[in-house]
Amino acid sequence: MMMKTMMRGLLAGAAFMASASAASAVTYVRGNDSDPETLDQHKTSTISEAHLLRDLYEGLVIYDPEANVIPGVAESWQVSDDGTVYTFKLRADATWSNGDPVTAEDFVFSFQRIQNPETGAKYATILYPIKNAEKINKGELEPGELGVKAVDDKTLEITLEQPTPYFLELLTHQTGLPLNKASVEEHGSDFVKPENIVTNGAYTLVSITPNDKIVMEKNENFREADTVSIDRIEWIPFEDRASCVRRFEAGEVHSCSDLPAEQLKSIRDRLGDQVRTPPYLGTYYYALNTQNEALSDARVRQALSMAIDREFIGEEIWSGAMLPAYSQVPPGIGNYIDNPPQYEWAEESLIDREDRAIELMTEAGYGPDKPLELELSYNASENHKNTATAIADMWSPLGVKVTFNVRDGSAHYAHLRDSDDYQVARAGWIGDYSDPQNFLFLVESDNTGFNYAKYKNPEYDALMDKAAAETDLEKRAEILAEAERMFLRDTPFIPLLFYSSLSLVSDKLQGWEDNIQNVHATRFMSISE
Amino acid sequence: MFGYVLRRLLGAIPTLFFVVTASFFLMRVAPGGPFDRERALEAKVLENINKVFHLDKPLWEQYLRYLGNLLRGDLGPSFIYRDFSVQELLGSGLPISIQLGGTALLVALFFGSVLGCIAALRQNSWIDYGVIAVATFGITVPNFVVAPLLSLIFGVWLSMLPAGGWGNGSPANMVLPVLTLALPQIAIVARLIRGSMIEALRSDHVRTARAYGLPSRMVVVVHALRAACLPVVSYLGPAAAALLTGSVVVETIFGLPGIGRYFVQGALNRDYTLVMGTVIIIAVFVVVFNLIVDLLYAVLDPRVRYD
């Protein structure tokens with residue numbers, strides 16, 4: 001069996017070399033964070049998979065180069081007055097790579113498949129706003145009862161549980177991409193293999209060699225194939241970010257999807273404007289276990305947050321690759337108010353803040369005579385370690401003594417999930433869609449998966465429910481802002497830093513626009529020699 | 001001889017069984033599972049996935065299922081790389097690791113022996129000190145320093161060779177990784193050969209050979225070197241097994257699709273089946289190479305016989 005697979009690999013390699021020498025097309029060698037865990041959109045969860053799938057498939061709506069939502073397979077849509085029924089009109093010329101038309105039935109099939117418990121989809125939750133999705137995923141209803149139906153070949157109707165203003169934004173996620181029903185039914189889970197896969201995006205999959213490269217070629221059946229300028233993409237996974245930088249400098253790759261933060265300054269010195277560090281939709285935070293006796297006091301939590309010098313951590317530890325965070329929701333997010341809330345002490349000097357923090361701690365009964373002993377858990381990484389060490393040092397004037405608990409990623413998150421005895425825990429959140437709800441729902445009482453603070457505040461939950469029911473976007477934004485003010489007052493999480501996306505983009509590569517979602521579809525780019 | 005080999009191979013079966021069993025349960029002792037990531041999964045979603053991979057069953061049942069599949073030659077699906085079976089991953093990576101490690105091994109043997117012999121024959125000369133210095137350097141500087149340095153010098157600054165990538169196994173892409181893998185081995189082999197060669201040159205049978213008036217070159221190559229090879233051969237058994245099953249550092253830094261990193265990646269990701277598959281491959285290599293070493297002993301040392 002092993003021998004057979006080896007032979008197949010060798011043959012595929014030989015065939016690949018033959019096709020590579022035949023083409024003298026424009027090739028984009030594109031660095032990616034890692035290999036995909038899968039190219040089955042319903043089983044994916046990582047950012048590197050999102051990059052790949054964005055080139056292979058086109059959803060109902062897509063992101064343009066600046067990450068605005070624009071029509072994709074759907075040329076237009078209508079929303080019912082109560083905001084719960086979306087009717088999409090699909091393009092007549094939307095075609096699969098095998099020449100078949102993309103139909104509403106393909107979408108119905110896909111949305112049902114991701115909720116079917118047998119699929120084992122990690123990210124099924126993201127589409128729970130669709131009517132009955134959650135119940136189907138939990139095995140309470142049959143997939144056929146999902147609120148998605150094909151009115152005719154080119155008309156798709158999606159019914160939601162309740163109005164969801166960010167629903168279109170949700171559909172840009174890879175879980176909303178269509179599958180070719182016939183192909184999946186024929187090949188089962190092998191439909192992702194290069195020899196079977198049928199895609200409807202700008203590219204098709206040619207080959208995939210784990211830890212080496214993934215090759216894509218232009219899909220001649222794509223509805224806008226004549227606007228696509230890059231003929232071929234070679235995706236290279238770089239677990240070691242510094243390797244990508246070296247290969248970029250050697251002229252072997254055109255772009256890197258991430259950079260070693262600790263080397264950012266020297267890379268910028270050498271490569272100048274080719275280094276891109278726009279803000280990213282993500283927050284790096286410490287969760288405080290509010291069920292823990294010491295941390296159940298909001299004054300203590302506030303004091304801990306107040307005493308942290310975020311500028312120092314962002315600039316010195318992360319070399320400017322992270323920006324100081326004084327709120328949970330990152331700036332530049334959609335559907336929010338113009339002046340989003342932040343800590344009222346954000347502008348105060350650090351010395352004043354430290355004094356206030358010491359006062360709060362004294363009120364709560366802690367001080368030099370009665371130090372607060374805290375355990376800080378984080379997942380092993382050089383920068384997480386440096387951050388934790390710096391913060392422990394910043395807390396020491398408050399009479400806080402920190403011990404560290406370091407585990408690898410899997411063990412760290414399993415510990416947060418399964419135990420109650422942790423106190424302070426590192427975590428991070430990258431937004432799935434550009435809406436404050438996606439950052440504030442983390443600490444809702446019933447969010448057992450992400451509410452590492454075990455924060456339970458009925459008032460907060462009521463605000464989140466109220467926002468969910470509100471169809472007027474401006475009013476909704478105000479309600480969410482009120483929730484965030486409450487969040488900052490209670491500080492179940494200490495927001496520390498906002499992520500930036502770090503990329504290297506060659507001068508030869510045109511059409512790469514910096515954007516907060518860090519989405520860059522190859523179809524909008526070109527390469528000049 | 002044949003009977004001996006057969007006995008040894010049969011003896012390996014309980015060893016492998018023990019390795020499989022111990023690693024299966026050790027893996028599960030580690031906290032966390034394959035689906036515990038920064039982004040926690042909803043309880044029901046996790047339950048769905050666990051069901052797909054039979055992780056909802058009791059551990060002993062999973063173990064029996066794994067053993068059953070293993071006997072049929074099925075290493076199972078990877079928990080993380082869901083589009084591939086463990087066979088497919090190891091099947092595409094192993095030939096590459098063997099190609100890289102095998103080349104490095106040959107390079108190390110050749111240069112290590114030559115340097116070691118020269119140093120031994122010119123003991124306490126500047127050549128000897130030079131070889132010892134280079135060898136000490138080769139052993140002490142770790143490959144995670146050597147690899148990026150070579151890539152930076154020859155790939156980025158001099159633009160003589162690719163800074164990384166496999167390039168479908170083209171010789172240019174192999175030079176730097178092979179050099180990185182071979183350097184410490186050259187050093188070790190050179191030191192071993194030097195030491196045992198100095199000893200062999202003073203031994204009775206070499207003195208006798210000289211007394212018979214045999215030409216100096218023949219004495220060195222046929223009589224002294226043959227005896228001096230013994231410690232190298234016993235070192236090379238486990239070393240070859242390690243080289244041929246890939247190096248996580250070299251593969252990660254140069255971006256090579258071998259199997260070396262599956263072991264570390266697999267362990268960190270709790271990709272149970274992938275780790276098991278890698279462990280089995282490594283175990284088989286160790287068993288086979290130890291056997292080869294023992295057989296080579298019989299060839300090299302007239303006193304050893306397996307009858």
Side-chain angles (χ1 to χ4, degrees), chain A residues 1-6 8-10 13 16-17 35-40 43 45 117-122 124-125 137-139 189 192-193 208-213 236-240 242-243 246-247 249-252 379 407-417 427-428 448-450, chain B residues 30-45 47-53 72-75 80-85 87-96 148 151-152 155-156 159 162-166 168-169 251-258 261-262 265 268-270:
Chain A
M1 179 64 195
M2 173 83 93
M3 205 54 213
K4 214 165 106 193
T5 3
M6 272 183 209
R8 209 185 306 146
L10 289 176
F16 166 70
M17 284 209 292
D35 259 337
E37 292 179 0
T38 168
L39 284 177
D40 178 339
K43 297 178 185 168
S45 58
E118 286 166 23
T119 306
K122 281 187 183 174
T125 39
N137 195 235
K138 294 186 170 167
S189 59
V192 291
K193 301 275 179 194
I208 170 164
T209 317
N211 285 329
D212 185 23
K213 66 181 161 198
I236 318 275
F238 285 104
E239 302 279 343
D240 174 34
S243 300
R246 279 196 303 277
R247 294 194 64 190
E249 293 191 83
E252 292 168 20
N379 48 324
R407 295 180 170 88
D408 71 21
S410 177
H412 176 69
Y413 292 108
H415 183 65
L416 297 191
R417 189 194 63 208
T448 47
F450 303 134
Chain B
F35 311 112
D36 289 314
R37 298 295 181 85
E38 182 137 0
R39 182 63 63 98
L41 295 179
E42 182 136 321
K44 184 62 200 177
V45 171
E47 197 182 302
N48 290 342
I49 300 181
N50 281 340
K51 199 175 269 173
V52 170
F53 287 105
R72 283 192 293 276
D74 178 4
L75 296 172
I80 302 294
Y81 301 104
R82 287 173 79 173
D83 300 345
F84 293 93
S85 68
Q87 267 109 314
E88 288 172 318
L89 289 174
L90 297 179
S92 79
L94 187 59
I96 289 161
S151 163
L152 194 63
V156 180
S159 299
W166 176 237
N168 297 311
E251 285 173 17
T252 308
I253 291 178
F254 288 107
L256 307 170
R261 51 175 135 173
Y262 286 142
Q265 266 177 7
L268 289 176
N269 289 334
R270 308 289 190 271

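Every chain is numbered from 1, with letters handed out A, B, ... down the list of sequences. Note that the coordinates shown come from a computational prediction; the quantities given were computed from them, not determined experimentally.
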Top residue by heavy-atom pair count (under 4.5 Å) with chain B, among A:Gly139, A:Pro210, A:Ala121, A:Gly449? A:Pro210
Between A:Arg247 and A:Asp240, does any NZ, NE, NH1 or NH2 come within less than 4.0 Å of an OD or OE carboxylate oxygen? no
Taking side chain as everything from C-beta outward and backbone as N, CA, C, O, which of these in A:Pro36 sits under 4.5 Å from a heavy atom of chain B? Side chain, backbone, both or neither. backbone
Exercise: identify the closest heavy-atom pair between A:Glu249 and B:Val156: CB-CG1, 3.8 Å
In terms of side-chain heavy atoms, does A:Ser410 have a donor or acceptor partner in B:Asp36 at a distance below 3.5 Å? no
Pick whichever of B:Thr252, B:Ile96, B:Ile253 has the most heavy-atom pairs under 4.5 Å with chain A. B:Ile253
Let me know if A:Thr119 has heavy atoms under 4.5 Å from chain B in its side chain, its backbone, both or neither. backbone
Would you mind checking which part of B:Glu47 comes under 4.5 Å of any heavy atom in chain A, side chain (CB onward), backbone (N, CA, C, O), both or neither? neither
Please state whether the side chain, the backbone, both or neither of B:Leu256 comes within less than 4.5 Å of a heavy atom of chain A. backbone
Taking side chain as everything from C-beta outward and backbone as N, CA, C, O, which of these in B:Ser159 sits under 4.5 Å from a heavy atom of chain A? Side chain, backbone, both or neither. neither
Quick check: do A:Lys122 and A:Lys43 have side-chain heavy atoms less than 4.5 Å from each other? no
Region of A:Ile236 that comes under 4.5 Å of a non-hydrogen atom in chain B: neither
Looking at chain A, which one of B:Ala43, B:Gly165, B:Gly93, B:Ala30 has the largest number of heavy-atom pairs inside 4.5 Å, strictly under? B:Gly165
With A:Leu416, which residues qualify under side chain to side chain contact (heavy atoms under 4.5 Å, CB included), at least two apart? A:His412, A:Tyr413, A:Tyr422, A:Ala425, A:Tyr452
When B:Gly169, B:Pro162, B:Gly155 are compared by non-hydrogen pairs under 4.5 Å with chain A, the top option: B:Pro162
Is A:Arg246 close to chain B through its backbone or its side chain, or both, or neither, when contacts mean heavy atoms under 4.5 Å? both
The criterion is side chain to side chain donor-acceptor pair (under 3.5 Å); which residues satisfy it with B:Asn50, sequence neighbours excluded? none
If one checks every heavy atom of B:Phe35 against chain A at 4.5 Å, the contacting part turns out to be side chain
Indicate yes or no: does A:Lys193 engage B:Glu88 in a salt bridge with an N to O separation below 4.0 Å. yes
I'd like to know if the side chain of B:Glu251 pairs up with that of B:Tyr262 as donor and acceptor (distance under 3.5 Å, no hydrogens or angles considered). no
Is the shortest side-chain heavy-atom distance between A:Asp408 and A:Asn379 below 4.5 Å? no
Residue part contacting chain A, namely of B:Leu89, when any heavy atom lies under 4.5 Å: side chain
